[in-house]
Protein chains: 2
Amino acid sequence: MAEIDRIDRRILNRLQQNNRISNQALAEAVGLSPPACLRRVRRLREAGYIVSDVALVDPLKVGQRLNIIVEVEMTRDQLDIYDSFVRKMQAAPEVSQCYQVTGEVDFVLVVQVPDMQAYEAFARRDLASDPQLNKFRSLISLRREKFDTAIEL
Amino acid sequence: MAEIDRIDRRILNRLQQNNRISNQALAEAVGLSPPACLRRVRRLREAGYIVSDVALVDPLKVGQRLNIIVEVEMTRDQLDIYDSFVRKMQAAPEVSQCYQVTGEVDFVLVVQVPDMQAYEAFARRDLASDPQLNKFRSLISLRREKFDTAIEL
DNA sequence: GTTGAAAGCCAGTAACT
DNA sequence: AGTTACTGGCTTTCAAC
């Protein structure tokens with residue numbers, strides 16, 4: 001699958017808002033018959049356009065009150081150091097996102113924790129103890145004003 | 001629904017990884033009969049623990065190559081100004097996340113765009129033109145190393 | 001909470017345009 | 001690529017326990 005057309009985009013837009021819609025309803029919404037629609041959805045999944053299908057849980061409802069944006073500055077720019085740091089972040093359950101960035105800062109993390117105690121434990125365990133990590137800055141957030149996983153197509 | 005128990009947490013963990021699992025398979029995975037499992041899932045949705053069910057699309061596959069983390073500093077700390085800024089960010093399709101933070105910075109945005117041209121257009125339209133916005137700093141990312149929507153329960 | 005049964009809808013296939 | 005027709009299976013509900 002090299003390209004996606006308007007109908008594929010309509011399908012993806014719908015499924016990004018609600019992936020529990022029935023194939024029948026989706027087909028009607030995008031102007032296709034159910035089997036034709038189902039074939040497209042399968043192709044979009046198999047070709048990797050749709051990475052996964054997930055339920056989104058309200059963090060506040062389960063006691064995750066804090067979001068912390070962390071700017072990380074490494075001591076050196078060697079690729080292997082980057083890799084080991086990235087692997088550590090990928091393994092850390094507190095880290096929900098990790099971006100490698102250009103400029104003075106090397107990484108930006110989005111960390112989600114119940115409280116400051118949990119964040120301090122994470123920072124000690126995975127940040128402060130890292131010899132390759134030069135310094136990091138934490139921006140504390142009590143309000144996540146927007147969280148939208150959909151990509152406009 | 002005041003509290004959730006171990007079984008609810010197991011259900012949420014599963015559905016955060018894959019919400020297309022059949023109720024039968026989910027029931028078996030968490031050690032419940034299908035009707036009992038279905039009732040719990042319905043309760044979790046109605047009580048707002050599950051906010052939404054979505055398909056996650058690969059940004060690179062659809063040409064969204066850039067993530068930009070933006071630190072925004074406002075000129076004043078009035079609530080009504082915050083609100084109008086938040087509303088603008090919520091309406092902007094480029095902004096996938098917006099966090100109000102404490103400290104020198106007032107907001108952190110996660111912006112997703114195809115290229116720098118699209119980002120500059122957004123920054124001009126929604127940031128630089130805002131008289132209440134003092135300054136902003138953009139951290140450019142070409143690599144999103146981790147993006148996990150699941151909350152560990 | 002479980003089982004068992006019944007109803008209805010839907011996914012998925014097949015055959016065809 | 002698309003549609004129509006069909007079937008098997010699953011979700012979902014309702015009982016009774």
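Lettering of chains follows the sequences in order, A, B, ..., and the numbering in each one begins at 1. Only this structure's heavy atoms are used, side chains among them; waters, hydrogens and symmetry mates stay out.
- Distance from the side chain of A:L32 is smallest for D:dT3 among the nucleotides D:dT3, D:dA1, C:dC10.
- Listed nucleotides: D:dC10, C:dC10, D:dT13. Nearest to the side chain of B:P35: D:dT13.
- Going from atom CG of B:L26 over to atom C1' of D:dT11 covers 13 Å, rounded to whole Å.
- Taking atom CZ on A:R6 and atom C1' on D:dA1, their separation rounds to 14 Å, with Å as the unit.
- OP1 and OP2 of C:dT13 both lie 4.0 Å or more from every side-chain N or O belonging to A:R39.
- With hydrogens and angles left out, the side chain of A:R42 and the base of C:dG12 share no donor-acceptor pair within 3.5 Å.
- Taking atom CD of residue A:E28 and atom P of nucleotide C:dC10, one finds them 11 Å apart after rounding to whole Å.
- Ranking C:dT2, D:dT3, C:dC10 by closeness to the A:A36 side chain, first place goes to D:dT3.
- Only the C1' atoms considered, D:dA16 is 22 Å distant from C:dG8, to the nearest whole Å.
- As rounded to whole Å, 19 Å separates atom P of D:dG9 from atom CG of A:N23.
- In this structure, the nucleotide among C:dG1, D:dT4, D:dT13 sitting nearest to the side chain of A:S33 is D:dT4.
- In this structure B:N134 satisfies the side chain to side chain donor-acceptor pair (under 3.5 Å) test together with B:E73, sequence neighbours excluded.
- Per the geometry, CG belonging to A:D5 stands 10 Å off C1' belonging to D:dA1, to the nearest Å.
- Residue whose closest nucleotide on DNA chain D sits further toward the 5' end, between A:C37 and B:P34: A:C37.
- No more than 12 heavy atoms of other residues, nucleotides or ligands sit less than 6.0 Å from atom CD of B:E152.
- Taking atom CZ of B:R45 as the reference point, atom P of D:dT11 lies 13 Å away to the nearest angstrom.
- The residues A:D8 and A:R40 are annotated as salt-bridged, a charged nitrogen and a carboxylate oxygen being separated by less than 4.0 angstrom.
- Proximity of A:R20 to the phosphate of D:dT11: no side-chain N or O atom is located under 4.0 Å from OP1 or OP2.
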### Message
Would B:F107 and B:Y82 count as a ring pair (Phe, Tyr, Trp, His ring centres under 6.0 Å) here? Give the steps.
### Response
CA-CA 9 Å; B:F107 293 98; B:Y82 271 34; 5.0 Å; yes
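- Atom CD in A:Q24 sits about 14 Å away from atom P in D:dA5, given to the nearest Å.
- The CD1 atom of A:I21 sits 15 Å away from the C1' atom of C:dC9 (whole-angstrom rounding).
- Scanning both residues, B:R125 and B:E94, for their nearest heavy atoms gives NH2-OE2, 2.6 Å.
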